[in-house]
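Below is one structure, written out as structure tokens; comments come after it.
Atom set for the values below is all heavy atoms of this structure, side chains included, hydrogens, waters and symmetry mates excluded.
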Amino acid sequence: TALPILRVAYLDCMARSLKGNTLCQGIDFIPRLQTIFNQVTSSHVHQNSIVTESLIAALLLVRLNAADATIEPKLANFWNSLLNSEKLSFSSTKFLNSGSTNALCYLVDLSEKLLTEHLHRLTEDQIKPWTFCLVTNLLHPNRQVRQRALSSTRKILKYSDMGSVQDAMLAHLSEHLA
């Protein structure tokens with residue numbers, strides 16, 4: 001078993017490599033990515049490196065789902081777990097305050113994907129943790145995290161039919177500024 005930091009590095013390499021026309025090459029990794037993702041959701045682990053592993057695996061699974069709709073049935077349990085905010089450590093204040101720059105940027109990317117490409121899967125209550133992550137990262141001390149969150153927020157706000165997302169973001173922003 002590799003050290004958590006090494007596993008995060010492997011997943012980081014995969015996330016950076018599997019984009020665009022190379023994305024479908026990652027389909028063979030779906031079972032392993034699901035196992036990595038389930039580490040956190042099944043055991044409520046809060047160790048940053050393990051949460052980061054799970055986060056990157058989730059982002060890759062969401063990307064793969066968008067690239068090939070035929071894998072949708074294989075990801076049914078993944079979607080149920082990802083959209084169950086009680087099981088996720090991604091949106092915990094602890095992770096948002098102590099996650100690495102890369103991890104928080106991946107969290108912003110995942111939030112953007114969910115709020116733009118997979119909004120139809122989310123109920124109003126399921127939108128809130130993801131908008132909370134975005135708003136928290138908009139106000140993060142690290143410039144790179146803030147810029148990534150700002151870029152994603154601009155993309156999200158361009159969609160005209162996303163009133164619930166906009167309302168949730170404004171509510172979180174009001175809470176932060178109060």
Side-chain angles (χ1 to χ4, degrees), residues 1-92 94-96 98-123 126-134 136-137 144-145 148-149 151-152 155-156:
T1 309
L3 293 171
I5 195 160
L6 189 57
R7 291 191 306 259
V8 168
Y10 286 140
L11 288 165
D12 184 43
C13 184
M14 285 179 66
R16 293 174 191 269
S17 304
L18 297 174
K19 291 182 177 179
N21 60 354
T22 62
L23 187 56
C24 289
Q25 294 174 6
I27 290 175
D28 295 338
F29 296 107
I30 288 175
R32 181 68 184 131
L33 291 170
Q34 286 180 307
T35 301
I36 293 167
F37 173 76
N38 289 332
Q39 282 178 313
V40 170
T41 57
S42 62
S43 61
H44 299 291
V45 176
H46 297 290
Q47 186 179 349
N48 271 359
S49 58
I50 294 173
V51 174
T52 302
E53 282 181 66
S54 180
L55 171 63
I56 298 171
L59 177 60
L60 285 166
L61 288 167
V62 169
R63 283 183 189 167
L64 288 166
N65 190 117
D68 186 353
T70 62
I71 64 170
E72 179 92 26
K74 294 179 188 176
L75 297 177
N77 289 336
F78 162 73
W79 283 110
N80 289 336
S81 296
L82 182 65
L83 300 179
N84 183 349
S85 60
E86 294 172 8
K87 290 185 176 183
L88 286 182
S89 301
F90 306 153
S91 59
S92 72
K94 179 182 177 188
F95 183 71
L96 290 167
S98 62
S100 70
T101 299
N102 282 345
L104 295 174
C105 287
Y106 281 129
L107 180 57
V108 168
D109 292 347
L110 179 60
S111 299
E112 178 188 327
K113 286 269 185 213
L114 290 171
L115 295 172
T116 57
E117 298 173 18
H118 299 280
L119 186 61
H120 62 281
R121 297 177 188 277
L122 282 71
T123 65
Q126 292 169 329
I127 289 171
K128 291 177 184 176
W130 303 107
T131 55
F132 176 73
C133 292
L134 274 174
T136 302
N137 285 321
Q144 183 181 356
V145 174
R148 181 74 65 92
S151 174
S152 289
K155 289 176 189 173
I156 290 167

(message) How close do Leu23 and Arg63 get, counting heavy atoms only, and between which atoms?
(response) CD2-O, 3.3 Å
(message) Applying side chain to side chain contact (heavy atoms under 4.5 Å, CB included), can you list everything that pairs with Lys94, at least two apart in sequence or on another chain?
(response) His46, Ser92, Ser98
(message) Do the side chains of Lys155 and Glu117 get close enough for a salt bridge, i.e. N-O under 4.0 angstrom?
(response) no
(message) Is any side-chain heavy atom of Tyr10 closer than 4.5 Å to one of Leu6?
(response) yes
(request) For Ser54, enumerate each residue passing the side chain to side chain contact (heavy atoms under 4.5 Å, CB included) test, keeping only those at least two apart in sequence or located in another chain. (result) Phe37, Val40, Phe90
(request) Write out all pairs satisfying salt bridge (Lys or Arg N to Asp or Glu O under 4.0 Å) with one or both partners inside residues 9-29, taking only residues at least two apart or from two chains. (result) Asp12-Arg16
(message) Would you say that Leu82 contacts Arg121 through its side chain, given a criterion of any heavy-atom pair below 4.5 Å between the two side chains?
(response) no
(request) Answer whether the closest heavy-atom distance between the side chains of Leu61 and Ile71 falls below 4.5 Å. (result) no
(request) Could you check if a side-chain atom of Leu75 sits within less than 4.5 angstrom of a side-chain atom of Val62, using non-hydrogen atoms only? (result) no
(message) Counting C-beta onward and ignoring hydrogens, is there a side-chain heavy-atom pair between Thr123 and Leu83 closer than 4.5 Å?
(response) no
(request) Return yes if a side-chain donor-acceptor contact under 3.5 Å exists between Ser100 and Asn102, otherwise no. (result) no
(request) Applying side-chain contact (heavy atoms from CB on, under 4.5 Å) between Ser89 and each of Leu55, Thr52, Asn48, Val51, report the one that passes. (result) Val51
(request) For residues Ser17 and Thr22, determine if any side-chain heavy atom of one lies less than 4.5 Å from a side-chain heavy atom of the other. (result) no
(message) A quick test of your reading: do over 12 heavy atoms of other residues, nucleotides or ligands sit less than 6.0 Å from CG of Asn77?
(response) no
(request) Compare all side-chain heavy atoms of Trp79 with those of Asn65 and state whether any distance is below 4.5 angstrom. (result) yes
